[in-house]
Amino acid sequence: MSEQQQQAYNPQAIEEKWQERWQAAGIDVASDAEDDTRETYYCLEMFPYPSGNLHMGHVRNYCLGDAVARYKRMHGFNVLHPIGWDAFGLPAENAAIKHGRPPAEWTYGNIAQMREQLKRLGLSYDWSREIATCKPEYYRWEQWMFTKLMEKGLAYRKEAEVNWCDPCHTVLANEQVVDGVCWRCDTPVKKKNLAQWFIRITDYAEELLNDLDKLSEWPEKVVGMQRNWIGKSAGAEVSFKVQDSDETLDIFTTRPDTLMGVTYMAVAAGHPLAKQAAENNPELAEFLEACAVMSTKEADVATMEKKGMALGINAIHPVSGELVPVWVANFVLMSYGTGAVMSVPAHDERDYDFAKKYGLNIKQVIKSESADWDISDAAFTEAGILVDSDAFDGLASVKAKKVITAWLAEHDKGEERIQYRLRDWLVSRQRYWGTPIPVIHCQDCGIVAVPEEQLPVVLPEHLQPTGGVSPLAECQEFVNVDCPTCGKAAKRETDTFDTFMESSWYMNRFTSARCETDMVDAKAMQKWAPVDQYIGGVEHAVLHLLYARFYHKLMRDVGLFDAEQVSSEPFKSLLTQGMVLLDGTKMSKSKGNTVDPKDIIEKYGADTARLFTLFAAPPERDLEWHDSGVEGASRFLNRVWVLLEKVGQTYQGSADAKATKALRRVIHAHIQKVTHAFEQGFAFNVAIASMMELSNALGAFEACDAQGVAVFDEGVNALITMLSPLVPHFASECGERLGFETVAVMSAWPKVDTSALVQDEISLVVQIQGKKRGEILVSPDVSQDDAFAAAQADESIAKWLEGMAIVKVILVKGRLLNIVVRPA
RNA sequence: GCCGGGAUGGCGGAACUGGUAGACGCAAGGGACUUAAAAUCCCUCGAAAGCAAUUUCGUGCGGGUUCGACUCCCGCUCCCGGUACCA
């Protein structure tokens, strides 16, 4: 042993050294070379917002991704593992107001700082592809895309109700409205109608829904959340005439089969009919006011009492011509469907409760096919057979839906309709620190898209937000522009894009991050897309992941890549990691329960931090932070470090040929187990546990001959190699000590020698009535009869067979023998 | 309310396709080394009974299927996410 080898494990000394070597060797760079025939693998973690400091959630996210990327490289893949910065957003503006410096300065400073922190962790990113979304060379393509969408009619402008804060002079996002007041100045938020930009995601609702079926490697939970979010329901739109009026009352229903059971109508408080009726009815007006207030989201909304008032007008049933009263009800939402419903109390629980409360008629028109149902107890909401429905009597619900809808269509009183909950994507924000919307307002020409040759519309970076109106709107050199169509003086749009826009396509941009001629290079897309493994927090299950899926399809339809060659989904496999907790609650600055990754790295080194975060919990589950657990991870690395000193050593006595063979079996059993753990959803915690077992087995082994030394060496090599995607600096240093020819991180993954797994003799569990009663040593391919004979010969088992008749004997090969008996 | 997911020692968590429940780690207790401490190493560690060999019970609760159930089926309880009173 040289002196160097006997030194203690000192992470600080080795980590920097290896980071430099890796960088010099360029091991992290994804190869675009056409003659590179390696299979590609694209591993991506959700890129961070550059808040200035890495927190434990980041550390966990990026350690997971790095382990995946390194593992795949070791299997011979050409791995794309990029990183960038989701650099636009409100926190930069807030920091700017607080510090009196422009958001750009703050943002770029934070990026520099966080880049160093990521590098300190030894994450194997291809830095040559680094992007920051606040740079014109990035967002110019987003602007270009938007003008394409305008051409296709997929981007449009319309009035929309937004949350407005007067003192701040800005629109607020929903999450910035806390209990109805502005999060920053506590002023009650107003609803205001403003012209806003939208993208027609609803045109893609059906594809977004159907393609969810392709996402077999996504957590079911996320798929389910997206399915609910899209919220497809099939039914019919039915038109009711209003008595003594030319107006009609249109409703959407999923149960047209219950049409004949309609006994009243219910409209939302915001419905024109309700407003109209309230004009000379103060009591009703008051009720509508109350409803408007109630609609603000509260925890007790769910338990809210169902209330309503008659409007004093009637609707005419489209089939029977009967009059049904129109009510206003607090549970009908203006924002869904038509803001009105037909009420069938006999077959809808909510309508039933409402009818009971206000003494409205209940008319049963569906009867159960099996049991009797007493309609005076509760609504019958299932499908059944139609009764008391004139011409439709005797039809089954499913058939009746079609027949009745067809009848309505024929008589011009309704039609089949698919309703989605999904709304078009509101993409404009009245903020400064974002991508300028590439549009010009001209008095003569109206709204004009900025022509391609004038892109990008560069955001001036020197402006200083004050918390009031966006400084962009007051920046004359930005606002004043010539109309691209007529050349007259015109004004630029001063709204910027929602930052979800940038994060919706960055994964594709990474395939050709430096491409200057296109948003993405079609060839690069073909080579790398889609992302094979995407890793990030479950909080993005709906918005980001839905927008990204949508945007990917938009890029396809704009012709940016070959729809035949590139998947229509951007992320093949998704891993949603759990949160990092301290004392059972999420680590957060506001709670003051954070652990700074910097401190951990300084004290234990990056590898220990990595090992602990990977070992302490399965990736998708929450991880409880324990300092003692970190100690444990550190101890393990130290034990392995010391273990290396035993390489080449022989000891007196103990380990004979049999023990050597047994060790070799253990080594290969663990290679198999670790590999399996990696392949099964990246169960790093299980993989590490298995490596710890291997380490323990090696630690207990003392070679006494050349054979023993060789097998021990084999075991240590396998252990270090398998550790390398998880603790790369440590493994590299160990690899160097062991004289590996290539850096450990690039070495090929160990292969299982199945012949080493074969045993001459195994211990077979013997059960009586399914309960373990003993073990016998037998050949692995022992016959049932021989095993049974051996079991009978075993004293501790035989005593359970005394006075018993053998009913059945079951042998599970290599595992157990179960003997079923009964008293003789 | 509805839709997902989950419940295994003091704790985090293992357990291939139904086949030895509790791997691995943490904590705890005991011991070795040390003047002492730290570090390190060794032993014990689901519950109950027993000097012991050993036995019984045990994977949220109640049933079921099976030679055999943490695993499959039916019915509950509780916890955690998501959400839309969605017609």
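Quick caveat, the model's predicted, so the values are computed rather than measured. Computed over heavy atoms, backbone and side chain alike; hydrogens, waters and symmetry mates excluded. Protein chains get the first letters and strands the later ones, always in sequence-line order, with residue 1 at the start of each.
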Spacing of the [atom1] atoms in [M] and [N] (rounded, Å):
N	M	atom1	result
B:rC43	B:rA36	C1'	24 Å
B:rC79	B:rG63	C1'	23 Å
B:rG75	B:rC26	P	43 Å
B:rU40	B:rG4	P	48 Å
B:rU66	B:rA7	C1'	25 Å

* **Enclosure of A:Glu761 CD (heavy-atom neighbours >12, cutoff 6.0 Å)** => yes

Spacing of [X] atom [atom1] relative to [N] atom [atom2], expressed in whole Å:
X	N	atom1	atom2	answer
A:Arg621	B:rG6	CZ	C1'	8 Å
A:Ile688	B:rC24	CD1	C1'	10 Å
A:Glu624	B:rG25	CD	C1'	15 Å
A:Phe612	B:rA27	CZ	P	11 Å
A:Trp641	B:rA39	CH2	C1'	17 Å
A:Leu581	B:rC80	CG	P	13 Å
A:Ile230	B:rC3	CD1	P	19 Å
A:Arg227	B:rG81	CZ	P	23 Å

* Anti or syn - B:rG9, cut at 90° from 0 -> syn

* Structure fact -> Paired with A:His271, the side-chain contact (heavy atoms from CB on, under 4.5 Å) test is passed by just one of A:Thr338, A:Val332, A:Leu249, namely A:Leu249

* **From A:Val666, A:Leu644, A:Leu643, residue fulfilling side-chain contact (heavy atoms from CB on, under 4.5 Å) relative to A:Leu698** => A:Leu643

* Near-ring test A:Phe730/A:Tyr9, centroid separation under 6.0 angstrom -> yes

Under 3.5 Å, side-chain donor or acceptor atoms of residues 625-637 of chain A against the rest of the protein: list the pairs with distances, not counting sequence neighbours.
from     : atom 1 : to       : atom 2 : distance (Å)
A:Trp625 : NE1    : A:Asp627 : OD1    : 3.1
A:Glu631 : OE2    : A:Tyr604 : OH     : 2.8

Using distance only, find each side-chain donor-acceptor pair of residues 782-792 of chain A under 3.5 Å and give its atom names and separation, not counting sequence neighbours.
from     : atom 1 : to       : atom 2 : distance (Å)
A:Ser783 : OG     : A:Asp786 : N      : 3.1
A:Ser783 : OG     : A:Asp786 : OD2    : 3.3
A:Gln784 : NE2    : A:Val809 : O      : 2.9

* Asked: Stems in RNA chain B: runs of 3 or more consecutive Watson-Crick or G-U pairs, distances under 3.5 Å?
  -> B:1-7 with B:77-83, B:10-12 with B:24-26, B:28-32 with B:40-44, B:46-49 with B:54-57, B:60-64 with B:72-76

